[in-house]
Novice: 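There's a structure below that I have some questions on.
As a basis for the values below, the full set of heavy atoms in this structure was taken, side chains included, without hydrogen atoms, waters or symmetry mates. Please read these numbers as outputs of a predicted model, since none were measured by experiment.
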Amino acid sequence: MGALHQDEKLVDRMYHRAKADRWRVSKSSFARALEASAARMFAGRTPGPRDLERYFSSLHLEDLALACACAAGDDEAWEHFVLTERPLLYRAADALDPGGGARELADSLYADLFGMREEGGERRSLFRYFHGRSSLITWLRAVLAQRHVDRLRTSRRVESLPVALAAPVRSIEPERDRYLGLIRDAFKRAVASLAARDRLRLACYYAQQLTLAETGRMLGEHEATVSRGLARTRGAIREAVERDLRDNAGLSDAEISRCFECVTEDAGPLDLGDMLGAGDGLPSSSRSARKEPAPDRSN
């Protein structure tokens, strides 16, 4: 797709049609997004200029520009995304599971969409898989539906295990208890090292089970800011836990992966409310605390 770099006029037309300057997306960044989309569409062959223009014109260009800005961490773009797309995503989640189980999956998408910066400084976001061939909400619904199906398949596999096979797991893996202890200790240290405001935001949302809007009113933050802050803090905890296990416990990457698997299978006494001192300075709540998901290594 190197030919795209040589056709600046085509990139300019698509850039202005996408109104990408609204989100401060650079032309070079938008050109890379167009190139990635075209590479997926024309895999194995080289399209001509007319083919490219016809294809790009068929894309949801404004959604592609918004995705580029969100992937880059633009605050205004992220706020717009949360306000416009989240209600639609929640409706899709309720359609998948009227009991509300899919809403947790919808919320977990935000951490993956926001992404984290890697060592080279590049932000790694789920948005990089959006190529504009469908609308952004259609793509989000598809991602949510796939995660819902994956979770159902996983739960059914676990439920179908004969008791005779499931019972001896602890004896088969004697290291399991050690892994659980290590990751719980690392998790506690990671939470303890957070800034006071980040701890308070976590306590409001997870320990007190306030909604994003309620948490925002408590902290004087916009709802989208709360969502973005939670995503950023979850990512920071994940990175701190991995670093702790590697540097302090001397675990290999494979052992660290197994630690995360163990705590996912059995979180045990991983009580976020206790770690945060959730009762201090917070309104009382009769609602049971949300279970903080284990730090996700898939981001």
Side-chain angles (χ1 to χ4, degrees), residues 1 4 10-11 13-25 29-43 47 51-115 123-154 212 223-224 227-228 230-231 296 298-299:
M1 290 302 149
L4 185 57
L10 176 57
V11 172
R13 286 197 297 275
M14 299 303 124
Y15 182 86
H16 290 300
R17 194 175 299 177
K19 302 173 184 175
D21 56 341
R22 173 187 179 184
W23 308 119
R24 293 160 294 280
V25 176
S29 176
F30 192 66
R32 286 194 297 272
L34 290 174
E35 194 166 73
S37 182
R40 188 170 181 83
M41 177 63 182
F42 298 103
D51 293 328
L52 280 176
E53 180 147 18
R54 188 161 44 245
Y55 172 66
F56 291 150
S57 297
S58 72
L59 298 178
H60 294 260
L61 292 170
E62 290 188 35
D63 282 356
L64 186 60
L66 177 61
C68 287
C70 288
D74 184 271
D75 288 346
E76 187 179 344
W78 182 259
E79 182 171 323
H80 176 81
F81 169 76
V82 171
L83 290 176
T84 59
E85 304 297 341
R86 193 181 63 185
L88 302 176
L89 192 59
Y90 274 174
R91 282 205 288 273
D94 291 341
L96 288 170
D97 182 358
R103 282 208 173 199
E104 293 180 13
L105 288 176
D107 285 335
S108 73
L109 273 180
Y110 288 102
D112 293 341
L113 289 167
F114 187 74
R123 184 178 295 277
R124 188 183 179 199
S125 165
L126 191 64
F127 277 119
R128 70 189 186 280
Y129 295 111
F130 176 68
H131 298 301
R133 296 172 66 178
S134 65
S135 68
L136 190 52
I137 187 58
T138 297
W139 177 76
L140 288 168
R141 287 189 190 115
V143 174
L144 179 65
Q146 185 59 58
R147 293 194 173 192
H148 181 63
V149 169
D150 290 343
R151 185 169 69 174
L152 289 176
R153 286 173 176 167
T154 299
L212 290 173
E223 201 172 337
S227 176
R228 190 167 59 246
L230 288 169
D296 184 2
S298 64
N299 285 355

Novice: State the CG-CG distance between L34 and L10, to the nearest 0.5 angstrom.
Specialist: 7.5 Å
Novice: Could you give me the CA-CA distance, side-chain angles and deciding distance for L230 and D107, then say whether side-chain contact (heavy atoms from CB on, under 4.5 Å) is met?
Specialist: CA-CA 10 Å; L230 288 169; D107 285 335; over 6 Å; no
Novice: So, using side chain to side chain donor-acceptor pair (under 3.5 Å) as the criterion, who are the partners of R40 when residues are at least two apart?
Specialist: none
Novice: Can you confirm whether L136 sits close enough to H60 that some side-chain heavy atom of one is under 4.5 Å from a side-chain heavy atom of the other?
Specialist: no
Novice: Sequence neighbours left out, what passes salt bridge (charged side-chain N to carboxylate O under 4.0 Å, His left out) with D75? Give chain and number order.
Specialist: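 With sequence neighbours excluded, D75 shows a salt bridge (charged side-chain N to carboxylate O under 4.0 Å, His left out) to R228, given in chain and number order.
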Novice: Got a sec, which residues hit side chain to side chain donor-acceptor pair (under 3.5 Å) with Y129, two or more places apart in sequence or on another chain?
Specialist: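 Y129 satisfies side chain to side chain donor-acceptor pair (under 3.5 Å) with no residue once adjacent residues are dropped.
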Novice: Name all residues meeting the side-chain contact (heavy atoms from CB on, under 4.5 Å) criterion together with T138; count only those two or more places apart in sequence or in a different chain, and write none if there are none.
Specialist: S134, S135, R141
Novice: Using 0.5 Å steps for rounding, measure from the CG atom of L140 to the CG atom of L89.
Specialist: 5.5 Å
Novice: For A36, check side-chain contact (heavy atoms from CB on, under 4.5 Å) against everything at least two apart and list the hits.
Specialist: H131
Novice: So, for A95 and P98, which heavy atoms are closest and what is the spacing to 0.1 Å?
Specialist: O-CD, 4.4 Å
Novice: Under the salt bridge (charged side-chain N to carboxylate O under 4.0 Å, His left out) rule, collect the residues that match up with R54, sequence neighbours excluded.
Specialist: D51
Novice: If we only count heavy atoms from C-beta on, is the E85 to L88 side-chain gap below 4.5 Å?
Specialist: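 They are in side-chain contact.
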Novice: Aromatic ring centroids of F56 and Y15 under 6.0 Å?
Specialist: no
Novice: Please report the shortest heavy-atom distance between A18 and L61, naming the atom on each side.
Specialist: CB-O, 3.4 Å
Novice: State which residues pass side chain to side chain donor-acceptor pair (under 3.5 Å) with Y55; sequence neighbours excluded, sorted by chain then number.
Specialist: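 By the side chain to side chain donor-acceptor pair (under 3.5 Å) rule, Y55 matches S37.
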Novice: Give every residue pair that meets the side-chain hydrogen bond (donor to acceptor under 3.5 Å, both in side chains) criterion with at least one member in residues 95-106, sequence neighbours excluded.
Specialist: D94-R103
Novice: Check L52 against F42 and note the closest heavy-atom contact, atom names and distance.
Specialist: CD2-CE1, 4.2 Å
Novice: Say whether R13 and S57, considering side chains only, have a donor N or O and an acceptor N or O under 3.5 Å apart.
Specialist: no
Novice: Taking salt bridge (charged side-chain N to carboxylate O under 4.0 Å, His left out) as the cut-off, I'd like each qualifying pair that reaches into residues 62-73, sequence neighbours left out, listed once.
Specialist: K19-E62
Novice: When rounded to the nearest 0.5 angstrom, what is the spacing between CG in L113 and CZ in F81?
Specialist: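 Interatomic distance, L113 CG to F81 CZ, rounded to 0.5 Å: 5.0 Å.
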Novice: Mind checking what makes ring pair (Phe, Tyr, Trp, His ring centres under 6.0 Å) contact with F130, not counting sequence neighbours?
Specialist: W139
Novice: May I ask you to test the L66-V25 pair for a side-chain heavy-atom distance under 4.5 Å?
Specialist: no
Novice: Using the side-chain contact (heavy atoms from CB on, under 4.5 Å) criterion, which residues pair with E76? Sequence neighbours excluded.
Specialist: W23, R24, D74
Novice: Where is the tightest heavy-atom contact between L144 and A102, given as atom of each residue plus distance?
Specialist: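 Closest heavy-atom pair between L144 and A102: CD1-O, 4.0 Å.
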Novice: Under the side chain to side chain donor-acceptor pair (under 3.5 Å) test, which residues partner R91, sequence neighbours left out?
Specialist: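 Once residues adjacent in sequence are excluded, R91 has no partner under the side chain to side chain donor-acceptor pair (under 3.5 Å) criterion.
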Novice: Between atom CE of M14 and atom CG of L59, what is the distance when rounded to the nearest 0.5 Å?
Specialist: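 If we round to the nearest 0.5 Å, M14:CE and L59:CG are 8.5 Å apart.
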